[in-house]
Amino acid sequence: MARPNDDVAALLQEYADLVQISGGDAFKARAYEKAARAIGGHHTDVSTLDARALRDIPNVGRSIADKVAAYLTTGTMPEVEQARARIPDGVRRLMAIPTLGPKKALTLYETLGISSVPALREAIEAERLRDLKGFGPKTEENILHGIDVLQASGGRVRLAQAAETAEAVVAALTAIDGCERCTWAGSLRRMRETVGDLDILVAARRSAPFMDALTRLPHVAETLAHGTKKTSVRTTDGLQIDLRVVPPGSWGAALIYFTGSKAHNIRIRERAVRHKLKLSEYGLFHTETGRKIAARTEEDVYRRLGLPWIPPTLREDRGEVAAALRGELPVTVTDADIRGDLHTHTDLTDGLASLEDMVDAAARRGLEYYAVTDHAPDLVMQRMTDEKALAQRDAVRALDGRHRGMRLLHGTELNIDPDGGVDWDAEFLAGFDVCVASVHSHFRQSRDALTRRLVRACENPHVHIIGHPTTRILGKREPVDADLDAVFAAAARTGTALEINSHPNRLDLNDENILRAKRHGVKFAIDTDAHSVRDLEYHRFGVGTAQRGWLTTDDVINTWPLPRLLRHLDGTGTTR
DNA sequence: GCCGTTTTCGGCCCGACTGTTTTCAGTCG
């Protein structure tokens with residue numbers, strides 16, 4: 001279901017992992033990793049490119065280009081197949097456990113025959129790792145904890161993957177004769193950060209063509225159920241898709257029902273009962289007469305319940321029904337409200353695309369301002385220097401004006417050091433239009449130290465935005481343990497915006513933290529943290545998350561017109 | 001395996017932290 005680029009990227013990454021595990025040339029593994037990343041982030045669909053054109057992608061040379069071209073024709077890559085035959089896939093999956101890399105994975109496989117995450121947990125609990133060289137008690141503890149982190153996402157997939165699959169399914173089903181309406185519902189429509197399974201809804205008079213079509217879609221691995229009202233399949237990447245076909249007259253009621261959340265549905269059903277009505281996926285009915293009084297659209301159903309239409313992202317039973325009744329439903333921020341991006345990278349540090357390509361792509365997206373914020377020197381591996389930063393500033397200034405209607409800002413993403421300081425002194429920092437500051441190291445300091453560190457970063461007058469404030473990575477790294485209320489208070493006091501990082505692996509701050517921060521009076525920046533042209537599309541996930549946090553345009557600084565934004569940036573860091 | 005060139009092979013983001021070990025390997029960003 002994935003796009004060809006992602007498909008190929010996953011395959012190359014898998015090969016890189018297998019090379020690493022089998023102790024192959026580390027530089028070869030690195031080369032495959034770089035090619036995977038380059039292809040994953042490449043803007044054109046690689047299935048439209050031949051071997052020659054593939055070689056124009058940076059870090060893709062003759063060997064990989066030929067392999068990819070052959071794969072796109074034949075559907076297999078022999079080298080990967082051979083590597084798979086030597087090392088079970090479960091061994092590779094062990095590497096998904098934080099703190100467990102290729103060397104430990106191979107040791108576990110070779111000495112104990114462990115080739116799955118559950119088997120590893122069992123082995124640790126049976127104390128079978130005790131005699132293994134290089135595995136002490138702390139390592140066991142870290143692995144067990146890592147498994148917990150990994151499994152906390154419980155088989156749920158991230159928003160971007162779910163959205164991509166859903167879009168493909170909806171496109172396929174919409175093309176079928178007799179399709180009156182088709183969309184996704186469920187937690188994807190509510191934009192939860194992870195999605196357990198996809199709910200697809202079709203309005204049509206006959207269901208069979210849609211049910212059949214679903215089972216025949218590419219990347220469908222198995223059919224779990226096949227009926228007239230509901231069909232369920234599982235994709236090759238393990239995502240379950242439930243399709244329901246409803247009569248067009250029930251569309252609105254069904255959409256509400258299958259969008260959820262369950263708690264929201266219970267809340268509005270209770271309201272129906274109090275009005276002597278009954279709400280189901282088929283419609284809103286008079287309890288006594290059984291007469292249908294609304295069902296065709298969501299608006300109709302909500303209206304007959306005495307409510308305005310409630311955006312799906314608010315339907316979590318967090319007080320949205322009460323707010324709606326008071327007429328105080330927030331007018332939440334939308335994709336169209338986003339005027340700029342204040343956190344992006346280029347290939348000067350770890351981005352994939354050049355400054356020019358990123359800027360052109362931002363202009364195509366209709367942004368009114370765009371900040372380039374490459375990494376600062378303390379993140380040593382990025383090899384940033386004062387000279388490079390200044391040269392980039394000249395390049396940014398020179399490019400400004402290339403796209404009428406889009407203003408370029410030169411910024412940086414600073415590293416918040418263990419004490420809360422950042423890379424450059426005040427004088428140098430003053431030269432940037434916008435400074436994002438983020439934690440990139442020392443994630444496991446004490447709660448007090450982390451809190452002080454983030455508060456101090458907020459108090460730095462040159463820091464405008466705290467990037468990915470909790471540093472969590474879904475399924476990989478837990479949020480840092482800081483007193484977030486203290487951080488939120490400091491951010492509000494100093495006018496430092498907190499980022500809503502839109503990358504689907506981060507979504508940081510998350511909805512619940514946004515709600516808390518907003519109560520402190522914090523302002524937010526919804527940024528993509530784009531490392532490639534394609535990443536610029538991630539804004540919608542950040543916007544969805546912001547909606548779930550009840551944010552309006554007044555809360556989000558990059559929905560503001562440029563003059564207001566610049567005034568705000570000028571005043572940041574001073575206590576008001 | 002890629003890149004760049006000093007065109008035919010040498011260098012490849014580099015440093016810090018952790019845990020295990022007793023001088024360093026593995027993992028991470």
Side-chain angles (χ1 to χ4, degrees), chain A residues 8 11-39 51 54-69 77 79-80 83 94-108 129-146 149-150 345-352 374-385 388 413-418 423 438-445 449 467-468 471-473 475-478 480 501 503 505-506 508 529 531:
Chain A
V8 171
L11 197 67
L12 296 176
Q13 180 61 52
E14 180 183 349
Y15 189 61
D17 290 345
L18 292 171
V19 168
Q20 276 191 287
I21 293 171
S22 56
D25 179 9
F27 290 113
K28 177 175 165 181
R30 168 72 65 72
Y32 274 91
E33 265 179 7
K34 281 156 85 172
R37 198 161 163 261
I39 287 176
L54 285 166
R55 288 190 63 185
D56 288 338
I57 301 172
N59 296 314
V60 177
R62 179 184 297 278
S63 172
I64 291 180
D66 288 347
K67 289 188 178 83
V68 170
M77 200 175 285
E79 293 76 8
V80 181
L94 295 180
M95 286 173 60
I97 300 168
T99 72
L100 207 161
K103 295 289 190 288
K104 286 202 174 81
L106 184 65
T107 302
L108 290 167
L129 270 60
R130 291 295 159 88
D131 300 327
L132 224 51
K133 195 172 156 61
F135 289 76
K138 195 70 189 169
T139 301
E140 284 188 0
E141 193 184 306
N142 287 341
I143 291 176
L144 284 177
H145 180 70
V149 171
L150 180 67
H345 297 271
T346 74
D347 60 5
L348 183 63
T349 56
D350 61 349
L352 294 171
D374 270 312
H375 288 285
D378 288 356
L379 202 58
V380 181
M381 64 189 214
Q382 303 298 351
R383 300 184 135 188
M384 177 57 92
T385 61
K388 283 187 185 177
E413 183 183 13
L414 301 163
N415 305 288
I416 304 175
D417 71 25
D423 308 59
S438 314
V439 168
H440 289 122
S441 66
H442 302 85
F443 304 106
R444 296 170 77 171
Q445 283 179 309
H468 44 73
T471 77
R472 70 103 175 245
I473 293 177
K476 193 77 185 170
R477 187 166 66 214
E478 291 179 310
V480 291
N501 188 296
H503 195 292
N505 291 350
R506 290 192 184 269
D508 180 15
D529 194 1
H531 284 70

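We name chains A, B, ... by the order of the sequence lines, and we start the count at 1 in each one.
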### Task
Searching all strands shown, indicate the nucleotide that pairs with dC12(B) (Watson-Crick or G-U wobble; both distances under 3.5 Å).
dG1(B)
Please report, rounded to the nearest Å, how far the [atom2] atom of [N] is from the [atom1] atom of [X].
| X | N | atom1 | atom2 | value |
| --- | --- | --- | --- | --- |
| D25(A) | dG11(B) | CG | C1' | 12 Å |
| R55(A) | dG1(B) | CZ | P | 13 Å |
| K388(A) | dC13(B) | NZ | P | 11 Å |
| Q13(A) | dG1(B) | CD | C1' | 14 Å |
| R62(A) | dC3(B) | CZ | P | 12 Å |
| Y15(A) | dC2(B) | OH | P | 11 Å |
| Y32(A) | dC3(B) | OH | P | 12 Å |
| Q382(A) | dA16(B) | CD | C1' | 15 Å |

Provide the distance between the two [atom1] atoms, one in [N] and one in [M], to the nearest whole Å.
| N | M | atom1 | result |
| --- | --- | --- | --- |
| dC17(B) | dT22(B) | P | 23 Å |
| dT18(B) | dC12(B) | C1' | 26 Å |
| dA16(B) | dG10(B) | P | 30 Å |
| dC9(B) | dT5(B) | C1' | 10 Å |
| dG29(B) | dC13(B) | C1' | 11 Å |
| dT27(B) | dT20(B) | C1' | 14 Å |

### Sub-6.0 Å ring centroid separation between H440(A) and H375(A)
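Yes, the ring of H440(A) comes within the 6.0 Å limit of the ring of H375(A), centre to centre.
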### Message
Can you see if the side chain of H442(A) gets near the phosphate of dA16(B) - specifically, an N or O under 4.0 Å from OP1 or OP2?
### Response
no
### Query
Can you tell me if the side-chain N/O atoms of N59(A) get under 4.0 Å from OP1 or OP2 in dG1(B)?
no
If only side-chain N and O atoms count, and only distance matters, is there a donor-acceptor pair under 3.5 Å linking [Y] with [X]?
| X | Y | answer |
| --- | --- | --- |
| D529(A) | H468(A) | no |
| T107(A) | K103(A) | no |
| H145(A) | E140(A) | no |
| N142(A) | T99(A) | no |

### Summary
A correct 5'-to-3' footprint of nucleotides 21-29 of chain B, with B, S and - meaning base, sugar-phosphate only and no protein heavy atom under 4.0 Å, is S----SSSB
### Message
Using side chain to side chain contact (heavy atoms under 4.5 Å, CB included), reason through E141(A) and K138(A) one step at a time and then give a plain yes or no.
### Response
CA-CA 5 Å; E141(A) 193 184 306; K138(A) 195 70 189 169; 3.4 Å; yes
### Message
With side chain to side chain contact (heavy atoms under 4.5 Å, CB included) as the criterion, how do H345(A) and E413(A) come out once you've worked through the C-alpha distance, each side chain's angles and the decisive distance to 0.1 Å?
### Response
CA-CA 9 Å; H345(A) 297 271; E413(A) 183 183 13; 3.0 Å; yes
### Message
Determine whether the aromatic ring of F27(A) stacks with the base of dC12(B), defined as ring centroids separated by less than 5.5 Å and ring planes inclined by less than 30°.
### Response
yes
### Query
Do R477(A) and F443(A) meet the cation-pi criteria used here (NZ or CZ under 6.0 Å from the six-membered ring centre, within 45° of the axis)?
yes
### Message
Categorize N142(A) for me: base, sugar-phosphate, or nothing, with a 4.0 angstrom heavy-atom threshold over every strand shown.
### Response
sugar-phosphate
#### Entry: Syn or anti for dT7(B) (syn when the glycosidic angle lies within 90° of 0)
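Syn, which is what one calls it when the glycosidic angle falls within 90° of 0.
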